[in-house]
Amino acid sequence: MDAFATEFVSIKCCADDSVTRPTSSILCTNNPDNRTCKDIIQNDKDYNITRVFTPDIGRKWCYNLTTAKDQHYLVRGTFLPGDLQIVPSPGSFFRVSIDPTTVSLVNSSDDSKVEAIFRASKDYANFCLLKDRGEPYISDLELRPISSTYLSLEPSSVLKLVDRVDAGNQGTEIRYPLDHYDRIWKLDSYTDPVASRTSSFTANFSGSETNLTFPPMQVLQTSLSHPERLEFTYRNLDHGYYSYDLFLYFLELNDSVQAGQRVFDVFVNDEKRLEVDIVLSGSRSYATVLNITANGYLNLTMVKASNRSLFGPMINAYEILQVHPILLQETSQEEVNTIMDVKNELLQRNPDNEVLRSWSGDPCLPVSWPGVFCQPDDRSTVITKIDLSFSLLAGQFPSSITKLTHLKELNMSNNYFTGAIPEFSRSFSLTSMDISHNNLTGDITELLTSLPNLTTLYFGCNPGLSRGLPSNLNRSKLDTDKDMCARQTAHIKHGIIVAAIAGGCLLVALAVGISIICIYKRKLRSGRKFDTEGYPMTKNAVYSIPSSDIMLKSISIQSFTLQYIEAATQKYKTQIGEGGFGSVYRGTLPDGQEVAVKVRSATSTQGTREFDNELNLLSAIHHENLVPLLGYCCENDQQILVYPFMSNGSLQDRLYGEAAKRKTLDWPTRLSIALGAARGLTYLHTFSERCVIHRDVKSSNILLDHSMTAKVADFGFSKYAPQEGDSGTSLEVRGTAGYLDPEYYSTQHLSAKSDVFSFGVVLLEIVSGREPLNINRPRNEWSLVEWAKPLIRNSRIEEIADPSIKGGYHAEAMWRVVEVALACIEPYSAYRPCMVDIVRELEDALIIENNASEYMKSIDSFGGSNRYSIERPIIILPTPVISEPSPVPSQPTPQPR
């Protein structure tokens, strides 16, 4: 056994015992948590079982593979879904990453191998499965040391294998032990009948002519040749301009061939890259690597040099590897070691905790652990926030957490931690801490002394923790909840007393029943009663506002008192957003429901009309893709709206918002979000009472709930569509720069097609990941609309696709979306589709994306086109001239929000 083979690691997932196969030295189990083993129906006896990762908590499952720093490795995962009735989620797909670099997308409709070559940057490497849709699975995982020559051109990259071919060999695949790196050389499937195959078991070579690693001799002893030309075509590469390394290996097997007798040119995608004369240097072997770019298509052609060559081109073997630059900064090793210490401390008392079981791989990249939040810092990534509230954690407070020196926010509330709080001697960055609702003991003074920059501290509901604060503490700089638990205890005691009285009253049920009915009627007439926590609130108040744009006869919604709102938000403790209306705060209702509380600012440009408008409209409409209104407060000149909390923020946050909120959205998720938002707008436009126009459609007004369902929000500017007899003109053009319909802006005539224009801009944001206006870009890219239009019309959609989704979308589905977007942003509204048509096109795009292979097979079988367009009405109109109107009173400036 060679030296490299002793370092082989082979993991047969879900195996009960370690076994050995001829193709590897060791085969063993290495089972991470959160998995289910399932039998699969396969003919290959080596793969009769697969591991399916159940979704539980988190989106990432990693194998931690031992490596030697700076050694180069080949890693290969085998993914066999088997019988799709057994694997839980047909049509699922997931991504595969090596450390922070995502290298492949695995679709459950196909058997798949993912192989890559990388350089180990530390003494371990993480091979991770990242959940997208359905449940990830894996059957086999292999790690092999390999020659460093593969990464000679791309030292800071990961190379994903596209193909590795043993040209001329139609017998048996070659791998270990013949190839001591355990590369798998596929059989030749070349179909040109004129091509010939040659075998020579006496040929030999030194390999000293190149710094590349040659294939094993058994691969080079077969060759494929042609009198004139050899051509290899790959039509299903990842879409997007990826870089590829193309390795070509030649060994002249015909001893009679001399220098100048076999000369041929090598073309890649019709571009000549080099001229080859294998024996020119006196050696009979030759190898080279070409770096190329390709967008979904690669053609390698070798053509005989006319009039100068006696023999045609030949080749023994070749490899195609896709280059994935390492763009993300790995998490600081010190941070990784520390958070692993935190995990191990917590696991001692919480071995079955679902949150801790989901912590695998890098804590931050390519997706972070549940409850862990990170930010880039200099040349690495660091942990800046931990939120393990409501995680059912018990035992001692983890002391290792004090060593996270970049930690700014810590929330360990509502658990079962005991003992003293450790000293945060090094945590000068910590500004916010919530340890309330535990069983901690000790003196809070010591904690404050060790945290000089702390501005928020919640420590209530820890019976054994000292209540006193230092007398010299500057309270104006520290937000605390010193008396919170005492108030809640009083409320609980009050509830117990009320319950006891109610129980006693059951003995005289008839009398009490009559009393309750009378009391209820009186309180209903007064419109006020008290909730179980003792905070006054109003329910089912009849509300009718004559000044609103949206007018309904009567509506029934929930009214909250200001005291109730302040209790739910802990006096506006956590701000989660800011808009034109005012600040948005996170809160929790007594029944545990999380809410978003929008409080009108005293300096807001939006007034009572917008407040009443949204209040009336949302009280009458209900749709799964519209944000519902839970209640309102109008007290002491305060105007407050209460909505369900949308845990995944806004579409804008996810695409290009603040770094802490921004997360990569894959293409199917983007499609689903676009379709959901379109359905919400369709409901507004086809509302039974009368068409409602949103007037401020934009990505920040498309919110995402816990399941990433899109919900259109913010109806303060909404209006009924003009009807016959209306003036048709409004002196108040509303909207946001970058999204505003140019026809509405210039004519002030409002229609539902104004929303369509804005939605077209949102579609471009979804496709490109760019903001609608950005003057920090080159001048021709300031406007997303004007930049994207010519690229779409010239069929260059790969240039506008967000780099983070390149290679992850089906071209036909993408074409559907960009053509819808192009139709939506037509300058004249008559050319634009209606929302019903847009929904239909997006539904088709999502179906195509989800069933790409089957769909395209059916299209090809009928010889159909792979391009579709929305039918637009043929209307002869003058060529629109879009210019920025002068700032005169009749042309008001759009109101940014």
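Along the sequence shown, residues carry numbers from 1.
- When the shell of 6.0 Å around NZ of K343 is examined, it contains more than 12 heavy atoms from other residues, nucleotides or ligands.
- When the side-chain contact (heavy atoms from CB on, under 4.5 Å) test is applied to S368, no partner is found at least two apart in sequence or on another chain.
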Show your reasoning for whether side chain to side chain contact (heavy atoms under 4.5 Å, CB included) applies to Y656 and N774.
-> CA-CA 12 Å; Y656 51 82; N774 188 345; over 6 Å; no
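- The CG atom of N462 sits 7.0 Å away from the CD1 atom of I421 when rounded to the nearest 0.5 Å.
- The side-chain contact (heavy atoms from CB on, under 4.5 Å) check on Y416 picks up L392, A394, with sequence neighbours excluded.
- Side-chain contact check for N64 and S360: no donor-acceptor pair (N or O, by modelled atom type) lies under 3.5 Å.
- For T67 (side chain) and Y124 (main-chain N/O), a donor-acceptor pair under 3.5 Å exists by modelled atom type.
- The CZ atom of F94 sits 9.0 Å away from the OG atom of S104 when rounded to the nearest 0.5 Å.
- Not counting sequence neighbours, F645 has no partner by the ring-ring contact (aromatic ring centres under 6.0 Å, His included) test.
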Evaluation steps, side-chain hydrogen bond (donor to acceptor under 3.5 Å, both in side chains), between N344 and Q348 = CA-CA 6 Å; N344 293 333; Q348 292 177 10; over 6 Å; no
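- Residues H706 and E594 are not in side-chain contact: their nearest non-hydrogen atoms beyond the backbone lie 4.5 Å or more apart.
- Side chain of T101 to backbone of I326: no donor-acceptor contact under 3.5 angstrom is found.
- Distance CD1/I138 to CZ/R51: 8.5 Å, rounded to 0.5 Å.
- Between T78 and K113 there is a side-chain heavy-atom pair separated by less than 4.5 Å.
- No side-chain N or O of N648 forms a donor-acceptor pair with one of D705 less than 3.5 Å apart.
- Residues meeting the side-chain contact (heavy atoms from CB on, under 4.5 Å) test with H406, sequence neighbours left out: E335, D377, V382.
- Side-chain contact check for C364 versus I383: some heavy-atom pair is nearer than 4.5 Å.
- Inter-residue side-chain proximity for K131 and W61 is flagged as met; some heavy-atom pair is nearer than 4.5 Å.
- Pairs of residues two or more places apart, or lying in two chains, that qualify as ring-ring contact (aromatic ring centres under 6.0 Å, His included) and include a residue from residues 330-369 are W359-W369.
- D70 is linked by a side chain to side chain donor-acceptor pair (under 3.5 Å) to R119, counting only residues two or more places apart in sequence or in another chain.
- Taking CG of L365 as the reference point, atom CG of D99 lies at 9.5 Å (rounded to 0.5 Å).
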For the pair N415 and S391, evaluate side chain to side chain contact (heavy atoms under 4.5 Å, CB included) and give the outcome as yes or no after the intermediate values.
-> CA-CA 6 Å; N415 285 295; S391 297; 3.8 Å; yes
Walk me through it: do F397 and N438 pass the test side chain to side chain contact (heavy atoms under 4.5 Å, CB included)?
-> CA-CA 10 Å; F397 195 97; N438 282 289; over 6 Å; no
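- Judged as a ring-ring contact (aromatic ring centres under 6.0 Å, His included), and not counting sequence neighbours, the contacts of Y150 are F247.
- Between the T338 side chain and the E334 main chain, a donor and an acceptor come within less than 3.5 Å of each other.
- At a threshold of 4.5 Å between non-hydrogen side-chain atoms, the residues F424 and L410 count as touching.
- The aromatic ring centres of Y176 and F8 sit less than 6.0 Å apart.
- Ring orientation note: the planes of Y137 and F79 are nearly perpendicular, at an angle over 60° on the 30°/60° scale.
- Taking OG1 of T709 as the start and CD1 of I673 as the end, the distance is 9.0 Å to the nearest 0.5 Å.
- Not counting sequence neighbours, the partners of H324 by the ring-ring contact (aromatic ring centres under 6.0 Å, His included) test are Y242.
- Here the side chains of I401 and M412 are in contact, with some heavy-atom distance below 4.5 Å.
- The pair K160-D238 meets the salt-bridge criterion, since a charged nitrogen lies less than 4.0 angstrom from a carboxylate oxygen.
- The backbone N or O of L159 sits nowhere less than 3.5 Å from a side-chain atom of E154 that would complete a donor-acceptor pair.
- Comment: K69 does not engage D123 in a salt bridge, judged by the lack of any side-chain N to carboxylate O separation of less than 4.0 angstrom.
- Remark: of the listed residues N353, L388, D341, L388 is the sole one forming a side chain to side chain contact (heavy atoms under 4.5 Å, CB included) with L346.
- Here the side chain of Y585 pairs no donor or acceptor atom with the backbone of Q570 at under 3.5 angstrom.
- Contact check for L74 versus D182: no side-chain heavy atoms found under the 4.5 Å cut-off.
- Checked against side-chain contact (heavy atoms from CB on, under 4.5 Å), Q396 has the following partners two or more places apart in sequence or in another chain: T418.
- The closest side-chain heavy-atom distance from L141 to L65 is below 4.5 Å.
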So I702 and E765, side chain to side chain contact (heavy atoms under 4.5 Å, CB included) or not? Walk me through it.
-> CA-CA 12 Å; I702 298 174; E765 289 180 81; over 6 Å; no
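- With sequence neighbours excluded, the residues that form a salt bridge (Lys or Arg N to Asp or Glu O under 4.0 Å) with R164 are E115, E319.
- Taking CZ of R183 as the start and OG1 of T213 as the end, the distance is 6.5 Å to the nearest 0.5 Å.
- R670 meets the side chain to side chain donor-acceptor pair (under 3.5 Å) test with D802, S804; sequence neighbours excluded.
- In this structure, D362 has no salt bridge (Lys or Arg N to Asp or Glu O under 4.0 Å) partners at least two apart in sequence or on a different chain.
- A donor-acceptor distance shorter than 3.5 angstrom exists from the side chain of S650 to the backbone of D653, with no hydrogens or angles considered.
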